[in-house]
Structure formats: C-alpha cells, structure tokens
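Remarks on the structure that follows.
A, B, ... follow the sequence lines: proteins, then strands. Residue 1 opens every chain. On a predicted model such as this, the values are computed, not experimentally measured, just so you know. Below, each value reflects all heavy atoms present in this structure, side chains not excepted, and no hydrogens, waters or symmetry copies.
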Number of protein chains: 2
Amino acid sequence: MPLDRIDRRILAHLQEDADITNAALAERVGLSPSTCLRRVQRLKETGVIRRTVAVVDAEAVGRGLTAVVEVQLSHHGAPQRQDFIARVRQEPAVMQAWGVTGEPDVILVLQLATMSEYQGVIERLFANDPLVERFYTYVAVETYKSRTAVPVEA
Amino acid sequence: MPLDRIDRRILAHLQEDADITNAALAERVGLSPSTCLRRVQRLKETGVIRRTVAVVDAEAVGRGLTAVVEVQLSHHGAPQRQDFIARVRQEPAVMQAWGVTGEPDVILVLQLATMSEYQGVIERLFANDPLVERFYTYVAVETYKSRTAVPVEA
DNA sequence: TATGAAATATTTCGTTC
DNA sequence: GAACGAAATATTTCATA
C-alpha cells in the first residue's frame with residue numbers, strides 16, 4: 001500500500017519533531033487523534049519510519065570535527081574488500097560509508113573528537129592494508145547544511 | 001556544566017531509540033524515573049539534544065539515490081559564495097553541505113528520487129554560475145554504514 | 001542542588017459504534 | 001473515522017537529604 005498525502009504530511013512533521021504530541025500532530029494533518037496514531041504505528045511497523053532518535057549536538061559532546069575521506073582500493077578480490085568494510089563498520093567515528101561510482105571506491109564521513117583520534121582511525125582502517133591504494137581527507141571548516149529529514153512531499 | 005557518565009549513557013540510549021519509555025530508560029541508566037526525566041529535559045533545554053526526529057527509510061519514500069558532489073569554486077569574492085551557499089540550502093535534495101580544506105571547496109551529500117531530479121539540482125546549483133569551476137559527482141552504489149548517533153561514550 | 005515517592009494530568013490502547 | 005473507558009506513561013508537586 002503506497003503512501004498517500006496524509007502519510008507524507010505525517011512523515012514531514014515527525015522528521016522535524018517527533019516529540020510532538022499525537023493530538024497536535026493529528027490536528028496538523030487533519031485527522032482524529034486515534035486515526036492519526038494508527039497511521040503512525042503503521043508507518044513504524046512497515047519500516048517507513050525506521051526508528052525515532054535524539055539528534056545530539058556533536059559540538060556539545062566534544063565531537064564537532066567532521067571529515068570526509070575518499071578511498072581508492074586496488075581492484076582485487078572481494079574477500080579483502082569485505083574485511084575493509086567490516087573494519088569501517090566497527091569504527092565508531094565513521095558515521096556514513098558508501099561504495100560509489102567513479103574514481104574513489106568508498107567515501108566515508110567521520111565525526112571526530114580530535115585530530116589524534118583521526119590518526120588512530122586512519123591507522124586502523126588503512127595501515128598495512130595492501131587493498132588501500134590511496135586516500136584523501138577533507139576536513140570540514142564550516143557546515144552549511146545538515147538535515148536528517150528526507151524530503152517526502154512533492 | 002559538563003556531561004557526566006549518566007548523561008552520556010542517556011544520550012547513547014536516546015540516540016538509538018527515543019521511543020523508549022522514561023521508566024525503561026531510567027532503569028537502564030540506574031536512575032529513578034523522575035530524576036531521569038529531569039536529566040532528559042535538561043539535555044534538551046541546554047541543546048545537547050537538539051531535537052528528536054523520525055528516521056525515514058529513503059527507499060520507502062522513493063528517494064533511495066544517494067550522491068556525493070565535490071565542488072571547486074574560483075576564489076573570488078565572498079558575496080557570490082554566499083549566493084551559492086544560499087542556493088545549496090534551498091535545495092531539498094541536499095542533505096549535507098560542508099566547506100572543506102583541500103582541493104574541493106564544498107562537499108554535498110544529495111538524497112534523490114531519480115537521475116532526472118539530479119539533473120535539475122545540478123542545473124540550479126551550478127549552471128551559469130562563474131564561481132563554480134568544476135564539480136565531480138559520485139553516486140552511491142552501496143551503503144555500508146549510515147548512523148545518526150554521534151559516539152558519546154569513551 | 002539533587003533525589004525519590006506520591007499525586008495529578010496526559011497519552012495510548014482496545015472495544016464499540 | 002469517532003467515542004468511550006481502561007491501562008500505561010509523563011509531569012508536577014512536595015518532602016527529604
């Protein structure tokens with residue numbers, strides 16, 4: 001069953017503020033509270049809403065350093081690649097990791113406390129791994145935009 | 001007032017699941033429900049918890065296409081740069097945008113519905129802007145890791 | 001100032017229409 | 001989708017350390 005306009009309005013609201021009371025949400029999307037609640041529950045059950053989480057200020061917890069790392073791998077066997085991916089997944093500082101088309105093979109987004117933590121991450125991920133051909137790191141000097149909400153409305 | 005160990009445990013839990021009841025959270029961090037609730041409120045008031053949001057499955061809402069774009073700008077006046085940043089902020093598909101050290105000046109993360117939407121975004125951001133020297137786009141083929149939770153514990 | 005326990009208010013859930 | 005009571009949960013108040 002596809003998402004209708006009301007579902008999308010619910011998603012738009014909850015992506016901005018999931019602390020809103022069900023009564024207030026219902027009013028904003030034009031439903032009765034009980035109907036609205038059942039819609040929200042269904043969106044969670046079907047996995048459209050994967051979960052609801054607190055968004056923490058990285059600065060406030062001493063992790064305000066963001067870095068983007070592009071990694072080029074030598075195109076050898078898939079097994080070593082899996083090892084590399086497993087190490088990436090294990091690193092707490094790695095927030096996002098994608099396999100991509102183009103010159104880099106993998107792009108990482110790191111959220112760090114200090115440059116010395118960066119050193120440690122880089123060593124654990126890249127040192128002594130012949131699969132890793134080279135990597136480039138770009139440190140964020142300024143954050144122009146940072147959203148968690150996926151656009152859901154036309 | 002710095003965050004103590006209990007604050008950090010609260011943050012760790014709420015970053016994974018903000019739907020947890022206060023009673024259950026209190027038990028997990030070893031506090032009484034009322035004390036726990038007040039801690040959570042304080043974390044929100046002081047901005048450590050910026051907000052709580054629903055995490056939506058991008059695939060489920062037809063926006064499963066992720067792209068990373070590196071942009072190089074000619075180093076001219078700051079005013080045009082502000083215009084460019086303003087356009088970036090206006091684009092709903094732009095999830096993250098950083099100004100970075102190194103060869104690219106700006107890195108964008110896009111969350112798209114289709115490649116034709118990509119075309120539109122690129123045109124609006126880059127076309128006829130002499131500030132934009134060049135850009136490279138890397139389309140995500142696979143997502144290895146995607147977290148919203150900033151590491152808060154030692 | 002921080003905590004915990006009890007009282008109150010609100011939200012959520014099942015049933016019925 | 002609406003209306004209701006019952007259960008669960010959150011919030012406030014107040015006493016204590």
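Rounded to an integer number of Å, the gap from B/Asp4 CG to C/dT1 P is 17 Å. Going from atom NZ of A/Lys44 over to atom C1' of C/dT12 covers 12 Å, rounded to whole Å. Counting to the nearest Å, the P atom of D/dT11 and the CG atom of B/Leu25 are 12 Å from each other. Rounded to whole Å, atom P of C/dC13 lies 11 Å from atom CZ of A/Arg38.
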Write down the protein N/O and nucleotide N/O pairs, taken from nucleotides 7-10 of chain D, whose separation is under 3.5 Å; answer none if there are no such pairs.
from: D/dA10; atom 1: OP1; to: B/Asn22; atom 2: N; distance (Å): 3.2
from: D/dA10; atom 1: OP2; to: B/Asn22; atom 2: N; distance (Å): 2.9

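Inter-residue side-chain proximity for A/Phe135 and A/Leu108 is flagged as unmet; no heavy-atom pair is nearer than 4.5 Å.
Between the side chain of B/Ser34 and the base of C/dG4, at least one donor-acceptor pair of N or O atoms lies under 3.5 Å.
Apart from A/Ile6 itself, the hydrophobic cluster it occupies contains A/Leu3, A/Ile10, A/Leu11, A/Leu14, A/Ile20, A/Leu25, A/Val29, A/Leu31, A/Val40, A/Leu43, A/Val48, A/Ile49, A/Val150, A/Val152, B/Val56, B/Val61, B/Met95, where clustering links Ile, Leu, Val, Met, Phe, Trp and Tyr at side-chain heavy-atom distances under 4.5 Å.
Between A/Arg124 and A/Asp129 there is no salt bridge, since no side-chain nitrogen of the basic residue lies less than 4.0 Å from a carboxylate oxygen of the acidic one.
For the side-chain contact (heavy atoms from CB on, under 4.5 Å) with B/Thr66, the qualifying choice from B/Leu112, B/Val141, B/Leu110, B/Val109 is B/Val109, the only one to do so. The only option from A/Arg28, A/Arg147, A/Arg9 that meets the salt bridge (Lys or Arg N to Asp or Glu O under 4.0 Å) definition with A/Glu16 turns out to be A/Arg147.
Both B/Tyr138 and A/Val68 are part of a single hydrophobic cluster, where members link through side-chain heavy atoms under 4.5 Å apart.
Phosphate contact (OP1/OP2 of C/dG4, side-chain N/O of B/Thr35, threshold under 4.0 Å): present. Side-chain N/O atoms of B/Arg39 include one lying less than 4.0 angstrom from OP1 or OP2 on C/dT3.
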